[in-house]
Amino acid sequence: MSAAPAPPPALATRDLVAGYERDLPIVRGIDFSVRQGEFVVILGPNGAGKSTLVKAIAGLVPIHSGSTHLAGEDITLSPVQEKVRHGLAFVPQTENIFATLSIRENLQLAADILPRGRQAAQIDEVYSLFPDLASRRGARAGNLSGGQRQMLAVARALVVKPSVLILDEPSAGLSPKIVGEVFARLKALNGAGITIVLVEQNVKAALAVADRAVILVEGKLRHEGPAATLSSDPIVGELYLGARARQGENGR
Amino acid sequence: MNPQVLIDGLMAGALYGLGAIGVTLTYSILRFANFAHSELLTFGAYAALALSSALGALSAGLLEPIAPFSFGWALPLAGLVAVALTGLLALAVDAILFGRLRHRRSSIIVMVMASFGAALTLRSLIEFAFTSKPAYFTRELQIALPLGQGMRATPDQLLSLALAAILVIGVHLLLTRTAIGRSMRAVSENQALAGVVGVDVRRVIRVVWLLGAALACIAGIMSGLLVQLRPYMGFDLLLPLFAAAILGGIGSVPGAMLAGLIVGLAEAATVQLVGAEWRTAVAFVILVLVLLLRPQGLLGRAQA
Ligand SMILES: Nc1ncnc2c1ncn2[C@@H]1O[C@H](COP(=O)(O)OP(=O)(O)OP(=O)(O)O)[C@@H](O)[C@H]1O
Ligand SMILES: [Mg+2]
């Protein structure tokens with residue numbers, strides 16, 4: 001008897017080329033793979049193509065060539081609204097909630113793809129994770145603070161119990177204290193079995209919660225390694241952290 | 001002022017409101033001003049006319065007026081089919097024209113110009129098929145009932161008002177209480193995010209066309225019943241419809257109806273106080289004032 005085959009990666013891309021215009025690839029040939037239950041952070045300077053990569057995986061940016069896979073299934077051609085039905089949830093970098101809808105409606109909208117009988121239970125489960133949202137269900141999402149909006153965006157993504165959760169810079173514009181809360185929440189979700197892919201500029205905080213990091217530069221993966229050792233890696237400093245340090249941020 | 005102004009204004013206003021709901025929904029979701037919307041009114045009215053004549057030819061009893069109204073069962077039956085046909089027409093125009101332009105990511109001005117072209121084509125086809133001579137659903141005369149305070153209304157008018165009220169409430173509930181309504185509001189705010197949460201945007205667009213076309217058809221039939229049918233009946237409503245949609249706030253169904261009534265009442269009052277020749281100027285003045293003073297409209301949200 002042969003050993004059980006290794007489970008397929010939770011999420012993978014093969015030689016992915018993607019971009020907004022046909023003749024202008026932004027993501028230029030990326031092989032990227034995330035194990036089931038892993039917490040991976042994607043780092044890289046501004047304009048490196050991090051958002052474009054995750055948007056292409058989510059179905060929001062045209063894929064020119066290559067493929068994307070979710071738990072071994074090829075999802076390259078499935079339209080954006082189908083990805084979430086396959087178990088892939090995405091929280092975009094900006095405008096990631098419906099400001100004109102209430103908190104309840106934001107969550108219900110996400111739940112609408114579930115069988116009717118499960119909707120209320122799964123929304124309640126999310127409310128129990130986010131008591132701040134539960135206490136203000138009727139509030140217009142547009143009236144929430146920045147931190148609450150990010151929480152709502154994450155909560156909305158969780159309603160469908162995704163197997164993989166991709167977040168694009170959820171810490172942007174938040175105070176360090178709130179960033180800590182958001183990341184702790186992500187760590188807990190990861191502990192509960194959800195595979196997480198996090199795009200971040202906030203290097204230190206991200207490396208503290210992630211298992212592994214990859215660094216994207218000019219549309220290509222330039223380096224990867226365990227989060228714990230990556231921040232002291234000289235190549236990383238050169239590619240990325242050095243540039244950040246010169247800007248006086250994240251000095252290390 | 002003669003209190004009859006109130007009835008006349010409400011009647012015209014209810015019609016504007018119904019048409020404006022279609023305009024406001026398609027505008028908020030498709031993101032362009034569809035100047036062919038008014039031709040859906042005309043098409044719906046003429047489709048109902050052709051179908052009810054055909055039904056009447058099959059069975060003369062269907063033309064027998066249902067007391068106290070002026071029309072027989074042929075009209076509501078034909079109206080139901082006409083609603084479906086108008087919906088199909090809207091879907092066809094979208095498939096042939098607007099959908100292709102969306103796919104090419106055409107600019108808003110291109111979409112608007114295309115809608116002018118579609119309007120012209122539809123209007124000419126209707127004029128070709130039915131001639132420009134006015135037509136009527138029925139030749140029955142109706143006695144206007146006294147409503148007190150010197151106001152009078154025919155049973156047809158009262159029925160139309162009631163139907164308009166029911167439709168507004170129905171569409172409002174659809175938007176606020178149902179899954180498809182939630183998807184429509186989500187798409188109108190952020191199409192990309194709606195896709196990410198699992199909304200099939202193309203399906204929502206189809207539903208919006210069907211809904212807008214259905215309301216346009218019903219408004220067209222009402223206009224044909226209360227006034228007359230002419231190939232230019234929709235075109236003449238274009239300005240008041242857009243004035244009402246924008247005054248109400250793009251995307252707001254109660255706003256569109258409220259604003260439709262305001263435009264209708266303002267027109268009726270102007271006819272009475274200033275003169276009938278000023279009637280068409282009213283919608284224009286309202287439109288300009290809203291755009292200058294409160295571009296988000298009465299019940300609309302400020303655009304981010
Ligand atoms: N909607 C768009 N249309 C065309 N080009 C775009 C679009 N969005 C981003 N780009 C371009 O794609 C490149 C990569 O942008 P992207 O947003 O993926 O970078 P990023 O790594 O996420 O940067 P940041 O850290 O600032 O979020 C940039 O050159 C940018 O100008
Ligand atoms: Mg980005």
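Quick note on labels: first sequence line is chain A, next is B, and so on, each numbered from 1. As the structure is a computational prediction, the values presented were derived from the model and not from experiment.
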Exceeds 12 heavy-atom contacts within 6.0 angstrom, atom [atom1] of [X]:
X	atom1	value
Arg28(A)	CZ	yes
Phe284(B)	CZ	no
Arg294(B)	CZ	yes
Arg85(A)	CZ	yes

Pick whichever of Ala186(B), Ser183(B), Gly251(B) has the most heavy-atom pairs under 4.5 Å with chain A.
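Highest number of pairs under 4.5 Å: Ala186(B).
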
Could you walk me through whether Val199(B) and Leu109(A) pass side-chain contact (heavy atoms from CB on, under 4.5 Å), step by step?
CA-CA 8 Å; Val199(B) 173; Leu109(A) 183 73; 4.1 Å; yes

Side chain, backbone, both or neither: which part of Thr176(B) has an atom under 4.5 Å from a heavy atom of chain A?
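Only the backbone of Thr176(B) comes within 4.5 Å of chain A.
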
Please output the residues of residues 91-115 of chain B in contact with chain A, using a heavy-atom cutoff of under 4.5 Å, in numerical order.
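From residues 91-115 of chain B, the residues near chain A are Arg105(B).
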
What part of Ala111(A) gets closer than 4.5 Å to chain B, counting heavy atoms only: side chain, backbone, both or neither?
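Contact with chain B: none, neither part.
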
Leu60(A), Ile97(A), Ile113(A), Asp112(A): which one forms the most heavy-atom pairs within less than 4.5 Å of chain B?
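It is Asp112(A).
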
Which of the residues Lys83(A), Lys55(A), Glu82(A), Glu105(A) is involved in the greatest number of heavy-atom pairs with chain B at under 4.5 angstrom?
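Highest number of heavy-atom pairs under 4.5 Å: Glu105(A).
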
Expected output: side-chain Arg185(B) to main-chain Thr100(A) donor-acceptor under 3.5 Å
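Looks like no, no N/O pair under 3.5 Å.
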
Please examine the side chains of Leu193(B) and Glu95(A), heavy atoms only from C-beta on, and report whether any two atoms are closer than 4.5 Å.
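When only atoms from C-beta onward are counted, Leu193(B) and Glu95(A) do not touch, as no gap falls below 4.5 Å.
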
State, to 0.1 Å, how close Arg156(A) and Val196(B) come at their nearest heavy-atom pair, and which atoms those are.
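The pair with the smallest heavy-atom distance is NH2-CG1, 4.3 Å.
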
